[in-house]
Chemist: 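This is the structure I have questions about; it appears just below.
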Amino acid sequence: MTARHFLLDTDLTSAEQAAVLDTADRLKAGRRTPGPADRPLADRPLAGRSVALLFEKPSTRTRLSFDVGVAELGGHPVVIDTASTQLGRGETIEDTAAVLSRYVDAIVMRTFAQERLERLAAAASVPVVNALSDHAHPCQALADLQTIRERRGRLAGLTLTYLGDGNNMAHSLLLAGTLAGMRVHVASPPGYEPFEQVVRHANEIGAATGGGALVMHDALEAAAGADVLYTDVWASMGQEGESDSRSLVFQPYRLDEKAVEVARPDVLVMHCLPAHRELEITAAVLDGPHSVVFDQAENRLHAQKALLSLLFAAPTTGSATTGAGEAGEEGTVR
Ligand code: CP
Ligand code: NVA
């Protein structure tokens, strides 16, 4: 039996994505009643199972929400900073995958290159989940869709405008958003756009779901009439050395009051966090009435529990893709 992985947003079909969001809403609504130990087994799909949570980069939300989420599903989380393991001393990802597969029932990993996740999944006999790579952040996108849907009651037909770096977050919003039938506009400085093949893939998905993707260079033009305004850091983890030069290039893409003014009056303001007030977003907007950033953070817990429930509910053979071609085609994976 082939393990079911979640390495990229497109490892779920549109229908599966909607089912995960439904489950996430149900888990959120019932979280406190009854207590975790009294829940029916159906809501504890990880009972008797262990999940390794491997981190090669820092994390607050992902680490905490997976740790708590696995425990709430009845499982045992094992959180590991890889620098303290033999992986940090050069043991191969393949040997690590084989060894961990003997101990745990799933591996959640935050790393740099997407290719590392693909190699881990290829060598593991248990499900592998992308907890952020340079290329994508699909668990965050699931939580974001849950947040938008609970505020607006739907996803299809809404326009999400992302301002800033065409990074992992932009990639996941393009793919997950179009899977849900949304229009996703990305406004980035020239040279910092999302990968072309991701935009192309998003438009292919959109052709089937009614969504679509558009890359622009004018932030206000992109923000006009948007249902959702989203931004992320200008220098991602691993790009700290470029922070100063990026701060100059990205100034016109700050999510500020002007962008909010041209969007819909009920626009949702989103950021995956951590945020830098007065850099990619003004404090007034981040902390203002349109902001739903802490709902997004909370929904990481519910969406990931729903995702893990799906991966364990019905292991399938061959239905999940790895997204390997997409991340690999460009040579340099973000
Ligand atoms: N949004 C997000 O993934 O946050 P962390 O880096 O704190 O996990
Ligand atoms: N693009 C950011 C997301 C952090 C959650 C990064 O990779 O650092």
Side-chain angles (χ1 to χ4, degrees), residues 9 14 17-18 20-22 24-26 28-29 61 137 140-165 169-170 172-188 202 205-206 209-233 252-303 306:
D9 310 81
S14 289
Q17 183 196 69
V20 166
L21 299 182
D22 289 345
D25 287 348
R26 186 174 59 74
K28 184 173 184 173
R61 280 145 289 271
H137 197 3
Q140 178 71 51
L142 283 177
D144 296 339
L145 294 185
Q146 183 186 6
T147 306
I148 298 166
R149 207 178 70 157
E150 66 191 2
R151 293 281 177 155
R152 291 289 169 264
R154 68 188 171 103
L155 294 169
L158 298 182
T159 298
L160 181 152
T161 293
Y162 174 98
L163 302 180
D165 191 20
M169 207 54 254
S172 276
L173 291 169
L174 280 162
L175 296 172
T178 51
L179 267 177
M182 300 177 77
R183 294 202 56 78
V184 183
H185 296 170
V186 176
S188 302
I205 295 167
T209 62
L214 193 60
V215 174
M216 307 166 83
H217 293 117
D218 188 303
L220 283 185
E221 192 188 325
D227 297 283
V228 179
L229 289 175
Y230 200 117
T231 195
D232 182 18
V233 293
Y253 299 86
R254 175 175 296 120
L255 207 177
D256 60 10
E257 293 80 346
K258 286 196 291 267
V260 171
E261 266 169 34
V262 299
R264 279 180 56 93
D266 61 352
V267 65
L268 300 177
V269 167
M270 303 183 77
H271 191 309
C272 56
L273 303 180
H276 304 87
R277 287 175 174 77
E278 309 307 344
L279 274 183
E280 73 271 7
I281 188 165
T282 61
V285 171
L286 184 75
D287 301 315
H290 295 280
S291 175
V292 292
V293 298
F294 297 115
D295 289 345
Q296 290 175 257
E298 175 184 342
N299 286 340
R300 293 295 301 277
L301 174 66
H302 312 302

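Every value quoted in this text rests on a predicted model; they were computed, and no experiment measured them.
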Chemist: Do you know the tightest heavy-atom contact between Ala263 and Leu229?
Modeler: CB-CD1, 4.0 Å

Chemist: Between atom OH of Tyr162 and atom OG of Ser188, what is the distance when rounded to the nearest 0.5 Å?
Modeler: 7.0 Å

Chemist: What's the shortest heavy-atom distance between Leu174 and Ala213, and which atoms?
Modeler: CD2-CB, 3.6 Å

Chemist: Quick one: are Met216 and Thr161 in side-chain contact, heavy atoms under 4.5 Å?
Modeler: no

Chemist: Pairs in or reaching into residues 217-227: which pass side-chain hydrogen bond (donor to acceptor under 3.5 Å, both in side chains), with residues at least two apart or in two chains?
Modeler: Glu193-His217, Asp227-Arg264

Chemist: Return yes if some donor-acceptor pair links the side-chain N/O of Asp256 with the main-chain N/O of Ala259 below 3.5 Å, else return no.
Modeler: yes

Chemist: Is the shortest side-chain heavy-atom distance between Asp165 and Tyr253 below 4.5 Å?
Modeler: no

Chemist: A side-chain contact here means heavy atoms from C-beta on lying under 4.5 Å apart; do Asp232 and His271 qualify?
Modeler: yes

Chemist: Roughly how far, to the nearest 0.5 Å, is CZ of Arg300 from OG1 of Thr147?
Modeler: 10.5 Å

Chemist: Do Glu280 side-chain atoms and Ala275 backbone N/O form a donor-acceptor pair below 3.5 Å?
Modeler: no

Chemist: Test Asp287 against Arg277 for salt bridge (charged side-chain N to carboxylate O under 4.0 Å, His left out), laying out the working first.
Modeler: CA-CA 9 Å; Asp287 301 315; Arg277 287 175 174 77; 2.9 Å; yes

Chemist: Counting C-beta onward and ignoring hydrogens, is there a side-chain heavy-atom pair between Arg61 and Gln296 closer than 4.5 Å?
Modeler: no

Chemist: If we ignore hydrogens and angles and just use 3.5 Å, is the side chain of Arg254 paired with the main-chain N or O of Glu278 as donor and acceptor?
Modeler: yes

Chemist: Compute whether any side-chain donor of one residue and acceptor of the other, for Ser172 and Asp9, lie under 3.5 angstrom apart.
Modeler: yes

Chemist: Where do Val293 and Leu273 come nearest, in terms of heavy atoms and distance?
Modeler: O-CD1, 4.0 Å

Chemist: For residues Asn299 and Gln146, report the shortest heavy-atom separation together with the two atoms involved.
Modeler: CB-OE1, 3.3 Å

Chemist: Looking at Thr178 and Gly211, would you say the former's side chain and the latter's main chain have a donor-acceptor pair under 3.5 Å?
Modeler: no

Chemist: Determine whether Arg152 and Leu268 satisfy the following criterion, side chain to side chain contact (heavy atoms under 4.5 Å, CB included), listing intermediate values before the conclusion.
Modeler: CA-CA 9 Å; Arg152 291 289 169 264; Leu268 300 177; 3.5 Å; yes

Chemist: Does any part of the side chain of Arg149, heavy atoms only, come nearer than 4.5 Å to the side chain of Asp22, both counted from C-beta?
Modeler: yes

Chemist: List the atom of Ala284, the atom of Glu257, and the distance in Å for their closest heavy-atom pair.
Modeler: CB-OE2, 3.2 Å

Chemist: Is there a side-chain contact between Leu145 and Leu179 in this structure, where contact means two heavy atoms from C-beta onward sitting under 4.5 Å apart?
Modeler: no

Chemist: For Gly177 and Val184, work out which heavy atoms get closest and say how close.
Modeler: CA-CG2, 4.0 Å

Chemist: Please check if the side chain of Thr231 supplies one atom and the backbone of Leu163 the other of a donor-acceptor pair under 3.5 Å.
Modeler: yes

Chemist: Please evaluate residues Asp144 and Leu160 with respect to the criterion side chain to side chain contact (heavy atoms under 4.5 Å, CB included), reporting the C-alpha separation (whole Å), side-chain torsions for both, the decisive distance (0.1 Å), and the verdict.
Modeler: CA-CA 11 Å; Asp144 296 339; Leu160 181 152; over 6 Å; no

Chemist: Does any non-hydrogen side-chain atom of His276 lie less than 4.5 Å from one of Val233?
Modeler: yes

Chemist: Going through the checks in order, is the side chain to side chain contact (heavy atoms under 4.5 Å, CB included) test met by Val292 and Met270?
Modeler: CA-CA 6 Å; Val292 292; Met270 303 183 77; 3.6 Å; yes

Chemist: Side chains of Met182 and Ile148: closer than 4.5 Å at any heavy-atom pair?
Modeler: yes

Chemist: Between Asp266 and Arg151, is there a salt bridge with N-O shorter than 4.0 Å?
Modeler: no

Chemist: Answer yes or no: is there a donor N or O on one side and an acceptor on the other, between the side chain of Gln17 and the main chain of Ala176, under 3.5 Å?
Modeler: yes

